[in-house]
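Not measured: the values here are computed from a predicted model.
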Amino acid sequence: MPFELSVPPAQAFAAFGDPSVRAKWFRLPGRRGVPELDFRVGGGEVAESTFTPAGAEERLEYRSRFLDIVPDQRIVLAYDFSLNGRRRWASLVTVEFAPDARGCVLTWTEQYAFLAVTGDGRQDVAHLQGGIRLQLNGLAAAVEPSSRTTASTRG
């Protein structure tokens, strides 16, 4: 999924490893615990929250491991997501940063495997893809100079 940002690749890349900037755009919904971030190859991230949609409490957990980091160019990570202690999916993500006339193009490629499927899985796919879009929009809001988000996805 290509995503345009009006900042240079180095600034977009830095938003992944700077805990104060990352906290502005990478979030789980609900009441969040204190995230842990170790941005280095072999390091990882843990984020947890408690969410209460429709009155039923849900415990969310994200755990990642960084597999490859090339400053200002690429991040490769593996992560899994759990709901109420049950692993729902596991993913391999590659994030690439390329210079562009207006700043940079961030390309997010995610390969996922659902480990617990809801119905025929279409709802799970829509949920995952919607979450990626929300994160990228949050990233744009956190790094771009104006308060107005100018990021866009390319079809």
Side-chain angles (χ1 to χ4, degrees), residues 1-7 11-40 42-67 69 74-97 104-155:
M1 172 184 312
F3 195 77
E4 297 176 348
L5 294 164
S6 65
V7 296
Q11 188 175 345
F13 175 88
F16 281 76
D18 181 329
S20 64
V21 177
R22 188 152 173 87
K24 293 177 184 176
W25 67 271
F26 180 82
R27 302 178 186 185
L28 298 176
R31 292 187 321 266
R32 294 176 288 280
V34 177
E36 301 171 24
L37 176 64
D38 181 6
F39 189 68
R40 62 181 175 84
E45 182 172 27
V46 176
E48 300 173 327
S49 75
T50 304
F51 186 48
T52 312
E57 184 174 281
E58 296 180 347
R59 292 180 331 276
L60 311 176
E61 184 177 347
Y62 166 95
R63 293 185 171 274
S64 73
R65 187 168 145 242
F66 296 104
L67 305 174
I69 298 173
R74 180 180 63 238
I75 301 167
V76 179
L77 64 106
Y79 81 91
D80 62 68
F81 179 83
S82 297
L83 173 65
N84 294 329
R86 184 174 184 198
R87 191 170 298 143
R88 296 293 306 270
W89 68 81
S91 289
L92 175 64
V93 177
T94 301
V95 183
E96 297 173 292
F97 306 86
C104 81
V105 174
L106 178 154
T107 301
W108 184 285
T109 304
E110 184 160 350
Q111 300 167 321
Y112 49 85
F114 288 108
L115 309 172
V117 179
T118 305
D120 66 2
R122 282 186 278 179
Q123 181 181 1
D124 297 320
V125 172
H127 179 79
L128 179 61
Q129 291 174 344
I132 294 167
R133 277 189 223 88
L134 285 172
Q135 284 183 19
L136 294 176
N137 286 333
L139 171 64
V143 300
E144 292 188 332
S146 70
S147 59
R148 194 175 106 258
T149 301
T150 57
S152 64
T153 58
R154 290 183 181 169

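The distance from the CG atom of Leu60 to the CZ atom of Arg31 is 11.0 Å, given to the nearest 0.5 Å. Here OG1 of Thr109 is found 9.5 Å from CG of Leu92. Values are rounded to the nearest 0.5 Å. Of the inter-residue distances, the one linking Leu37 atom CG with Arg22 atom CZ reads 6.0 Å to the nearest 0.5 angstrom. A distance of 10.0 Å separates CG in Leu128 from CZ in Arg133, rounded to the nearest 0.5 Å. Atom SG of residue Cys104 and atom CD of residue Glu96 lie 12.0 Å apart, to the nearest 0.5 angstrom.
The neighbour count for Glu58 CD, taken as heavy atoms of other residues, nucleotides or ligands under 6.0 Å away, is above 12.
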* Derivation of the side chain to side chain donor-acceptor pair (under 3.5 Å) call for Thr118 and Gln123 -> CA-CA 7 Å; Thr118 305; Gln123 181 181 1; 5.2 Å; no

* Should Arg74 and Val76 be marked as a side-chain contact (heavy atoms from CB on, under 4.5 Å) after you check the CA-CA gap, both sets of side-chain angles, and the distance that decides it? -> CA-CA 7 Å; Arg74 180 180 63 238; Val76 179; 3.9 Å; yes

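The side-chain heavy atoms of Thr107 and Val95, taken from C-beta on, include no pair separated by under 4.5 Å. Annotation: side chain of Arg63 is not in contact with side chain of Tyr79 (no heavy-atom distance under 4.5 Å). Proximity of Phe39 to Ile69: side-chain heavy atoms (C-beta onward) are separated by under 4.5 Å at one or more points. Considering only heavy atoms from C-beta on, Phe26 comes within 4.5 Å of Gln135 through its side chain. Taking 4.5 Å as the limit, every side-chain heavy atom of Asp124 sits out of range of all side-chain heavy atoms of Arg122. Taking the side chain as every heavy atom from C-beta outward, Ile75 and Thr94 never approach each other to under 4.5 Å. Phe16 is listed as a side-chain neighbour of Leu106, based on a closest heavy-atom distance under 4.5 Å. Contact check for Phe97 versus Leu5: no side-chain heavy atoms found under the 4.5 Å cut-off.
With sequence neighbours excluded, no residue forms a ring pair (Phe, Tyr, Trp, His ring centres under 6.0 Å) with Trp108. Qualifying side-chain contact (heavy atoms from CB on, under 4.5 Å) partners for Gln11, counting only residues two or more places apart in sequence or in other chains: Val7, Pro8, Val143.
Minimum heavy-atom separation, Ala140 to Phe3: CB-CE2, 4.1 Å. Contact between Glu144 and Ser6 at its shortest, heavy atoms only, is OE2-N, 2.7 Å.
With hydrogens and angles disregarded, a donor-acceptor distance shorter than 3.5 Å links the side chain of Arg32 to the backbone of Gly30. Although no hydrogens or angles enter the test, the distance criterion places no donor-acceptor pair under 3.5 Å between the side chain of Arg86 and the main chain of Ser82. Between the side chain of Trp25 and the backbone N or O of Ala15 there is at least one donor-acceptor pair closer than 3.5 Å.
Remark: of the listed residues Tyr112, Tyr62, Phe81, Phe81 is the sole one forming a ring-ring contact (aromatic ring centres under 6.0 Å, His included) with Trp89.
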Which atom pairs, one a donor and one an acceptor, fall under 3.5 Å between side chains of residues 48-57 and the rest of the protein, sequence neighbours left out?
from, atom 1, to, atom 2, distance (Å)
Ser49, OG, Pro29, O, 2.7

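For the pair Asp80 and Arg88, the salt-bridge criterion is not met [side-chain N within less than 4.0 Å of a carboxylate O]. The existence of a salt bridge linking Arg65 and Glu45 is excluded, since no basic side-chain nitrogen approaches an acidic carboxylate oxygen closer than 4.0 Å. Ionic pairing of Asp38 and Arg40 is present here: one or more N-O contacts between side-chain nitrogen and carboxylate oxygen are shorter than 4.0 angstrom.
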